[in-house]
Engineer: 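Please read through the structure below; I'll follow up with questions.
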Amino acid sequence: MYNHLFGPVPSRRLGMSLGVDLIPHKICSLNCVYCECGATTKLTLDRAEYVQTEDVKRELAHFFENNPDPDYITFSGNGEPTLHIHLGEVLGFIKALKPEVPVAVLTNGTLMSDPGVRMELMKADVVLPSLDAASETALRKINHPTKQFHIENYVGGLIEFRKEFEGEIWLEVFILPGYNDDPENIGALKGAIQAIGPDRVQLNTLDRPGIIDGLRAATLEELEQIEKVWGFENMEIVASVKERHDNRAFRTDTEAAIMETISRRPCTLEDLEKILGLNLNEINKYLGTLEEAGQIETNRQERGLFYQVRKP
């Protein structure tokens, strides 16, 4: 059992992906209302060695000695990966160990204004930052950053990164109706995207319950309308992951363990993490497929969002 690796699990955008998690739950520079990993427990822009770098490297070496190569090695997980002060060292270790396997970094993009962070990310093949707002009001409504962070830092950092990075940038824009889908915000986002110049623009929306009630996913028609308004040739609406039966890497024993656990009593994501000893992101992938199959449902209570077997 690994402490800092999870999967490989199917990713919407990266195929079968081995996750590398450098941040404990849930240390982040944002507290997005839609986050499927739950509310941020430590909101910060401070970089530190949040987990031991040598432990991560040992786990990576062990994994590749004993397993086939995934489609991607992906830095993601329970918090913002660029907050780890030795991200660049781990990236370099992977590229030396497995130069033929592409490395991706999923980031909220908030630390791109730091030249040191941008330099460390040069070792990646693909960087997937997010940008959900291009105005200060929308940023604070949907992403809840620290008081010290402003939209100028956000967009400016991404523009500078595009100038320097020779790999691909896939910019994800998360559309949340009632938060950032009005004409003013859509127009501001279009201008910011044009200034950044990513290789791909990927429209996404709510797939799992967020941290507050009342959120809904944008419909396909709403996303297609935004796609039409923006008119970027390199834009796509992010598709759902393949069905479970098309992914042999899905472990039926993990699904069974989740179902057996929540059939006894409803559990939060954090409950399942403690009981099963798996990474939150990995559990989330299985919960998503079980939910799509109609086997489980959610129930929000005072302590959080609970998963339970769907009632007949």
Side-chain angles (χ1 to χ4, degrees), residues 1-11 13-30 35-38 40-42 44 46-108 110-111 116-117 120-121 123-129 249-251 253-254 257-258 269-288:
M1 184 69 67
Y2 298 115
N3 293 318
H4 309 296
L5 308 182
F6 60 96
V9 292
S11 164
R13 298 179 282 176
L14 299 168
M16 293 308 300
S17 171
L18 174 68
V20 182
D21 193 353
L22 298 180
I23 305 294
H25 183 266
K26 171 156 178 298
I27 299 172
C28 194
S29 51
L30 298 175
C35 187
E36 65 180 23
C37 289
T40 295
T41 56
K42 181 178 180 180
T44 183
D46 295 333
R47 303 188 76 203
E49 190 175 22
Y50 288 102
V51 301
Q52 292 296 309
T53 305
E54 291 304 315
D55 292 345
V56 178
K57 290 160 68 173
R58 275 193 293 271
E59 289 189 7
L60 284 163
H62 182 272
F63 178 89
F64 284 110
E65 286 173 1
N66 296 279
N67 296 278
D69 292 348
D71 295 327
Y72 272 87
I73 302 166
T74 306
F75 286 79
S76 61
N78 295 322
E80 170 50 41
T82 59
L83 286 172
H84 197 286
I85 201 164
H86 296 308
L87 168 65
E89 181 180 338
V90 180
L91 272 167
F93 177 80
I94 291 172
K95 296 309 291 184
L97 189 67
K98 284 287 179 178
E100 69 279 10
V101 180
V103 177
V105 179
L106 272 68
T107 170
N108 61 28
T110 51
L111 274 74
V117 171
E120 291 179 36
L121 288 171
K123 301 181 180 74
D125 298 286
V126 183
V127 175
L128 299 91
F250 261 120
R251 291 170 45 190
D253 59 322
T254 301
I258 291 172
L269 191 59
E270 291 76 14
D271 293 336
L272 289 169
E273 179 190 31
K274 292 174 184 175
I275 294 167
L276 301 176
L278 296 173
N279 183 277
L280 287 176
N281 265 38
E282 186 163 6
I283 296 170
N284 255 322
K285 298 294 184 182
Y286 287 94
L287 289 174

Engineer: Going by the salt bridge (charged side-chain N to carboxylate O under 4.0 Å, His left out) test, which pairs reach into residues 67-95, not counting sequence neighbours?
Structural biologist: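 For residues 67-95: Lys57-Glu89, Asp69-Lys98, Lys95-Asp125.
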Engineer: Within the distance-only criterion (no hydrogens, no angle test), does the side chain of Thr40 pair as donor or acceptor with the backbone N or O of Leu30 below 3.5 angstrom?
Structural biologist: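 Yes; at least one donor-acceptor contact below 3.5 Å.
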Engineer: Which residues satisfy the salt bridge (Lys or Arg N to Asp or Glu O under 4.0 Å) test with Glu270, sequence neighbours excluded?
Structural biologist: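 With sequence neighbours excluded, Glu270 shows a salt bridge (Lys or Arg N to Asp or Glu O under 4.0 Å) to no residue whatsoever.
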Engineer: Got a second to check how far Ile283's CD1 is from Leu272's CG, nearest 0.5 Å?
Structural biologist: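 It comes to 5.5 Å.
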Engineer: Using every non-hydrogen atom in the two residues, find where Gly79 and Pro81 come nearest and quote the distance to one decimal.
Structural biologist: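 Scanning both residues completely, I find the closest heavy atoms to be O-CD, 3.3 Å.
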Engineer: If the condition is side chain to side chain donor-acceptor pair (under 3.5 Å), which residues does Asp55 pass it with, not counting sequence neighbours?
Structural biologist: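 Only Arg58 meet the side chain to side chain donor-acceptor pair (under 3.5 Å) criterion with Asp55.
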Engineer: Can you see which heavy atom on Leu269 is nearest to which on Leu287, and at what distance?
Structural biologist: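 For Leu269 versus Leu287, the nearest heavy atoms are CD1-CD1, 3.6 Å.
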Engineer: Are any of the side-chain heavy atoms of Val105 and Leu91 separated by less than 4.5 Å?
Structural biologist: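 SC-SC contact between Val105 and Leu91 confirmed.
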Engineer: Scan for salt bridge (charged side-chain N to carboxylate O under 4.0 Å, His left out) pairs involving residues 18-27, sequence neighbours excluded, and state none if there are none.
Structural biologist: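 Of all non-adjacent pairs touching residues 18-27, none passes salt bridge (charged side-chain N to carboxylate O under 4.0 Å, His left out).
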Engineer: Which residues pass the side chain to side chain donor-acceptor pair (under 3.5 Å) test with Glu49, not counting sequence neighbours?
Structural biologist: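 Residues passing side chain to side chain donor-acceptor pair (under 3.5 Å) with Glu49: Thr53.
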Engineer: Between Thr44 and Leu83, which heavy-atom pair has the shortest distance, and what is it?
Structural biologist: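 Closest approach of Thr44 to Leu83, heavy atoms only: O-CD2, 3.8 Å.
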Engineer: Which residue in the set Ile23, Thr82, Val20 passes side chain to side chain contact (heavy atoms under 4.5 Å, CB included) when paired with Leu87?
Structural biologist: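 Only one of Ile23, Thr82, Val20 forms a side chain to side chain contact (heavy atoms under 4.5 Å, CB included) with Leu87, namely Thr82.
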Engineer: Answer whether the closest heavy-atom distance between the side chains of Pro24 and Val51 falls below 4.5 Å.
Structural biologist: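 Touching, per the 4.5 Å side-chain cut-off.
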Engineer: Could I get the full list of side chain to side chain donor-acceptor pair (under 3.5 Å) partners for Ser29, not counting sequence neighbours?
Structural biologist: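 Residues passing side chain to side chain donor-acceptor pair (under 3.5 Å) with Ser29: Asn108, Thr110.
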Engineer: Check whether any side-chain heavy atom of Leu60 lies under 4.5 Å from a side-chain heavy atom of Val90, and answer yes or no.
Structural biologist: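 When only atoms from C-beta onward are counted, Val90 and Leu60 do touch, with a gap below 4.5 Å.
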Engineer: State, with a plain yes or no, whether a side-chain heavy atom of Ser76 is found less than 4.5 Å away from one of Phe6.
Structural biologist: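 Sidechains of Phe6 and Ser76: in contact.
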Engineer: For Asn284, check side chain to side chain donor-acceptor pair (under 3.5 Å) against everything at least two apart and list the hits.
Structural biologist: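 Scan of Asn284 (side chain to side chain donor-acceptor pair (under 3.5 Å), adjacent residues dropped) gives Arg208.
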Engineer: Please evaluate residues Asn67 and Leu18 with respect to the criterion side chain to side chain contact (heavy atoms under 4.5 Å, CB included), reporting the C-alpha separation (whole Å), side-chain torsions for both, the decisive distance (0.1 Å), and the verdict.
Structural biologist: CA-CA 11 Å; Asn67 296 278; Leu18 174 68; over 6 Å; no
Engineer: Taking side chain as C-beta onward, heavy atoms only, is His86 less than 4.5 Å from Val56?
Structural biologist: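 Counting from C-beta outward, His86 and Val56 never come under 4.5 Å.
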Engineer: For residues 53-81, which residue pairs pass the ring pair (Phe, Tyr, Trp, His ring centres under 6.0 Å) check, not counting sequence neighbours?
Structural biologist: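 Every pair satisfying ring pair (Phe, Tyr, Trp, His ring centres under 6.0 Å) with a residue in residues 53-81: Tyr2-His62.
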